[in-house]
Amino acid sequence: MIQSFDLIKEFGEPPQRILHGLNFKIETGEFVSISGKSGSGKSTLLYLISTLDLPTYGRVEIDGKDVAKMGVDEVHRLRNTQIGFIFQFHYLLPELTTLENVLLPARNLGIMDQKENRALELLDSFGILDQAHKYPGQMSGGQTQRVAIARALIMDPKYIFADEPTGNLDTENGERVMNILKRANEELGTTICMVTHDPDFAATAKREILLVDGRIDEIIKEPELRQP
Ligand SMILES: Nc1ncnc2c1ncn2[C@@H]1O[C@H](COP(=O)(O)OP(=O)(O)O)[C@@H](O)[C@H]1O
Ligand SMILES: [Mg+2]
């Protein structure tokens, strides 16, 4: 579970307040979207709840532990084993093949051999098994984004944080990426926090945290989850 307590983020001098004291919870196994207009603070919030940045005031707890109080080693271990990141641009290494890119997190932990079958299985289920030995430069944007998702899932992380994962894709590939994330949530139980400014994709999540100017405007639930 991820919980934020009076989360405030400021940048610059004099400090400019970007997030204005946010309180919310993301339960394990949830699929939550963070939506809002460009500049509303979505990426800033995602970085805070995913250990990539620290708040100016307030705190973020991941599974009951304050991220700001974790040691460097503890944060690295958490990121390597429990968190998968997906960004708008794939950040695959150009000199590595698809399979090598997907296996990179496992290689860093010295368990590449054990994970090879899982990597091939993920590529197969994403329809890109035939791309296993291609390089990023030889594939389309939709294919490289699916490779990036396979890499994010290779360690079977508890959490996936995605920042505009469909932002660089056409509608068909965007929907494909959404379906993959939905399946990871439903079949593997992966907790997914996805930033998007696309209202249709935001509504795909079971819960939508809508930001307006760094404040939570509304938390919208799927109809079946709404209280009567
Ligand atoms: N590192 C930074 N330094 C200064 N200002 C920043 C920084 N990161 C984000 N901001 C500002 O915070 C606001 C929200 O940015 P961001 O979280 O990227 O919005 P979104 O992802 O919703 O488009 C913007 O006004 C942006 O310029
Ligand atoms: Mg952003």
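Both ligands and their constituent atoms are indexed starting at 1 by order of listing.
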Note: heavy atom closest to atom 14 (C) of ligand 1, options G12, S35, G39, belongs to G39

May I ask you to identify the nearest protein heavy atom to atom 1 (N) of ligand 1, giving residue, atom name and distance to one decimal place in Å? F11 CE2, 3.4 Å

Determine whether any protein heavy atom is located less than 4.0 Å from atom 26 (C) of ligand 1. no

Any donor and acceptor pair, going by atom type alone, linking the side chain of T191 with main-chain N or O of G29 inside 3.5 Å? yes

Please confirm whether I18 comes within less than 3.5 Å of ligand 1 when only nitrogen or oxygen atoms on both sides are compared. no

Closest heavy-atom contact between R207 and I219? NH1-CG2, 3.5 Å

Applying a strict 4.0 Å limit to heavy atoms, is S40 in contact with ligand 1? yes

Ligand 1 contacted by G36 (non-hydrogen, < 4.0 Å): no

Within one Ile-Leu-Val-Met-Phe-Trp-Tyr cluster: F5 and L22, side-chain cutoff 4.5 Å: no

From the Mg ion (ligand 2) out to just under 2.8 Å, does an N/O/S atom of S43 turn up? yes

Note: ligand 1 atoms sitting under 4.0 Å from heavy atoms of K37 are 22 (O)

So, do L120 and D124 sit near enough that their side-chain heavy atoms are less than 4.5 Å apart? no

For D213, is the CG atom crowded, meaning more than 12 foreign heavy atoms sit under 6.0 Å from it? no

Looking at K42, M178, E164, which one forms a side chain to side chain contact (heavy atoms under 4.5 Å, CB included) with M194? M178

What do you think, any protein heavy atom under 4.0 angstrom from atom 19 (O) of ligand 1? yes

Just say parallel, tilted or perpendicular for the rings of F87 and Y91, cut-offs at 30° and 60°. perpendicular

Show me which atoms of ligand 1 lie under 4.0 Å from any heavy atom of T44. 9 (C), 15 (O), 16 (P), 17 (O)

For ligand 1, is there an N or O atom under 3.5 Å from any N or O atom of G41? yes

Indicate yes or no for a side-chain donor-acceptor contact from T56 to the backbone of E10 under 3.5 Å, with no hydrogens or angles considered. yes

